[in-house]
Amino acid sequence: MIQNNYLIIMAGGVGSRFWPMSTAETPKQFLDILGLGKTLIQQTIERFDGIVDPKNILVVTSKAYKAIVQEQCPELKEENILLEPCMRNTAPCIAYASYKIAKENPNANIVVAPSDHLITNTNDFQSVVRNGLKFVSENEALLTIGIQPHRPETGYGYIQIEDPKTTEIINPVKAFKEKPNLETAESYIKAGNYFWNSGIFFWSVKSIITAIETHIPEVAEIFQRGNAVYGSSKEQEFIDSEYPGCINISVDYGIMEKANNIFVHSGDFGWSDLGTWGSLWEKRSKDNQGNAVVGDEVKLFDSSNCIVHMPENKKVVIQGLEDYIVVESKGTLLICQKKEEQRIKEFQK
């Protein structure tokens, strides 16, 4: 039943690899990176339309971004914008939202999604989401989405299942694998029983709280103490006081790699975590020379396989570039080889 469906959106990251567009003041989840007229967090909310009632959507973000979330997501209840006083990774973020949901609806089924991913096939994605929510409503399971890999990608973690020939779309997880080198990634593709780790999760609120209490009890203890104040005027004061005491740990390390009731739902719906300008280039439509361009006054000559992102009405002429990132934002111009984009964090210093 839709009234039991809840969505937790994680929106606290700073998106430093998308500099200079993404900054600490306005990170990428609040930007129209794709040039579609909607920011990434707005697109995230939109793709759950008809699955989760807006009153059951919670966004966990930094206190610094409250006004941006309210402006971009007016459909959200103010009390469902959960404000972290500091960054503590995904496990405390998910725990906070889950304990708050449990007090409101102990029968809730939850999907957890990052705020800054790209999904190009919404219909297929929604089919997976509906199926995933149904599965966790009927089973005491922690479920994640595994993306069918299309190449030996070294920038994603992987999820391994037992049988490469299975015809089931939901399978028990054998192991989680860290980001591999190219040789290892190629072996994963050849084996056929590995998926990209999407970072999208499903569970009932009962199952996730049991998992938190079992595997990261020090986190559970903190949020259990908040049961008396969730939904009241004292909630933020409690979070400001207690949240910094949480350990800094991801839900993958804290729970998913420890629990024995982990399952993966396979999916293939045009997903990317949009971690880098290069990943955006891969997903954008391109001209005949492989250039992906945002900007209505951009002209390219003798250039190929570039990604160019310019403000409206900014006249730009580029000649003779191959495999480059060219971005202007907030008075800063970045020109960087795609193969060197891991150095973008360095350039900001």
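Keep in mind that the numbers below use all heavy atoms, side chains included, and drop hydrogens, waters and symmetry copies.
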### Message
Closer than 4.0 angstrom, basic N to acidic O: yes or no for K134 and E138?
### Response
yes

### Task
For the pair E237 and K234, find out whether any cationic side-chain nitrogen is under 4.0 Å from an anionic carboxylate oxygen.
no

### Query
Using 4.0 Å as the upper bound for N to carboxylate O, is an ion pair formed by E75 and K55?
no

### Query
In terms of side-chain geometry, is the basic nitrogen of K314 or D296 positioned less than 4.0 Å from the acidic oxygen of its partner?
no

### Query
Have T39 and Q42 got a donor and an acceptor in their side chains that come within less than 3.5 Å?
yes

### Message
Which label fits Y96 and Y230: parallel for a plane angle under 30°, tilted from 30 to 60°, or perpendicular past 60°?
### Response
tilted

### Query
Salt-bridged, E282 to R151, with N to O below 4.0 Å?
yes

### Query
When you measure from the side chain of Y158 to the backbone N and O of E153, does any donor-acceptor pair fall under 3.5 Å?
yes

#### Entry: Donor-acceptor under 3.5 Å (N109 side chain, N5 main chain)
no

### Task
Count the heavy atoms belonging to other residues, nucleotides or ligands that lie under 6.0 Å from CD of Q348, then report whether that count exceeds 12.
yes

### Message
Determine whether a donor-acceptor pair (N or O, by modelled atom type, separation under 3.5 Å) exists between the side chain of R284 and the backbone of I307.
### Response
no

### Task
Could you tell me whether E341 and R17 have a side-chain N and a carboxylate O separated by less than 4.0 Å?
no

